Amino acid sequence: MDSTCAALSATNLVQLSNKFGRNRATLFWGESKIAPQIRTTTTFLSVQSTKPATAHAVLTSDVNQESTAFQEEHNFETPEADPKGVASIILGGGAGTRLFPLTGRRAKPAVPIGGCYRLIDIPMSNCINSGIKKIFILTQFNSFSLNRHLSRLYSFGNGLSFGDGFVEVLAATQTPGETGKKWFQGTADAVRQFIWVFEDAKNKNIENILILSGDHLYRMDYMNFVQKHIDTNADITVSCVPMDDSRASDYGLMKIDKTGRIVQFAEKPKGSDLKEMKVDTTVLGLSAEEAKKHPYIASMGVYVFRTETLLKLLRWSCSSCNDFGSEIIPSAVKDHNVQAYLFNDYWEDIGTIKSFFDANLALTEQPPKFEFYDPKTPFFTSPRFLPPTKVEKCKV
């Protein structure tokens, strides 16, 4: 296997800060509140636990003193998400034809953004700022520039690392057998071809796996995302944003129930199928005016899976499915608890020349919708010592 492994270096990255304690009860749209302690005063109620972190009061003919006492003494809360139990997989993307000529000699995640940064710096920095230190990157097309950037940003073999953290590049490769001769056929197939790596990760107390895209621009605390996943006892959680009519057909769209569970998912629908995916987005907390402008709920292509669920889907339930958005998620909605998590902040998919142009210009607005500079959650990149720009024979 052609792979590159890098230890997170203390010489290149700032020290990770301890995360503040998080509340247990998380609302659907990503906000949190303290879970109220359950108290029972009537002697006609006893507690039955029907699923984790849920208490139900039912009428009984007998008084169950032990049940009542247990209920009064305990505060039913879901466990706090631990970054040590989370690994992330960053997808290196396809050929990037819609970003050509920027992808003529480099992979999409290696495309520059905001001057000195690369797109790969976004999910990488979000992981580091979230305390997630086990990072895999799957690459296939024009990966030299991307590998070079990663090797410059993370020192190799200097003996300094943050505990058991690592960044491992998993390059597409051919293996013995008929199926081993194929390159990555899609996002899910890319993960499946290295499933033995993640089966090994399962044995290292990895309870949840994040699936991230390497060509998005946003700032996100992934542990809030994982906490929502745990609080709702979900098998899969999909991060989503409200979307307008003009771009809805470019994304996977979903319908949800009042609990935030996804009941229908369609990947890049067109025509009548697109109109069918319209929903009342006031359920997400949008105002009536905002909901009218954004009548769709779009997937960001950012997922968190229970490790056990992901491995079963790839190896057994969806063994012939090659893509997460168009095959795995729609199939899983039927038989699994698939939840939606609203990301209510700036997010942009840098998948076309237009989106690349618009995103870069948006950085110059006053105030900008997105800023790279934040002392609490900085974005890391490899410094390049270049001469200043020189402009001659022109008027500005």
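Please read all numbers here as calculations on a predicted model, not as lab measurements.
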Residues Ser239 and Met220: closest non-hydrogen pair is OG-CE, 3.7 Å
Looking only at heavy atoms, the pair that brings Ala340 and Ile256 closest together is CB-CG2, 3.9 Å
Classify the ring geometry between [X] and [Y] as parallel (under 30°), tilted (30 to 60°) or perpendicular (over 60°).
| X | Y | result |
| --- | --- | --- |
| Phe225 | Tyr341 | tilted |
| Phe166 | Phe136 | perpendicular |
| Phe194 | Trp196 | tilted |

Within-4.5 Å side-chain heavy-atom neighbours: [X] and [Y]:
| X | Y | value |
| --- | --- | --- |
| Val238 | Met300 | no |
| Lys133 | Pro83 | no |
| Leu150 | Ile120 | yes |
| Glu276 | Gln264 | yes |
| Leu91 | Leu212 | no |
| Tyr222 | Asn126 | yes |

Backbone N/O of [Y] and side chain of [X]: donor-acceptor pair under 3.5 Å:
| X | Y | answer |
| --- | --- | --- |
| Ser213 | Asp215 | no |
| Thr281 | Pro295 | no |
| Asn360 | Gly114 | yes |
| Ser125 | Phe380 | yes |
| Glu290 | Leu286 | no |
| Thr187 | Phe324 | yes |

With a 6.0 Å cut-off (strictly less than), is the heavy-atom count around [atom1] of [X], excluding the residue itself, greater than 12?
| X | atom1 | result |
| --- | --- | --- |
| Glu365 | CD | yes |
| Lys334 | NZ | no |
| Lys255 | NZ | yes |

Between His149 and Asp121, is there a side-chain donor-acceptor contact under 3.5 Å, judged purely by atom types and distance? yes
Within the 3.5 Å criterion, strictly below it, is a donor on Arg306 or Asn337 matched to an acceptor on the partner's side chain?
no
Could you check whether [Y] and [X] have their ring centres less than 6.0 Å apart?
| X | Y | result |
| --- | --- | --- |
| Phe372 | Tyr117 | yes |
| Phe379 | Phe370 | yes |
| Tyr296 | Tyr251 | no |

Could you go through Thr381 and Arg118, starting from their C-alpha distance and side-chain angles, then the distance that decides it, and tell me whether this counts as side-chain hydrogen bond (donor to acceptor under 3.5 Å, both in side chains)?
CA-CA 7 Å; Thr381 193; Arg118 304 291 185 101; over 6 Å; no
side-chain contact (heavy atoms from CB on, under 4.5 Å) test vs Thr307 passes for just one of Thr309, Leu311, Leu310, namely Leu311
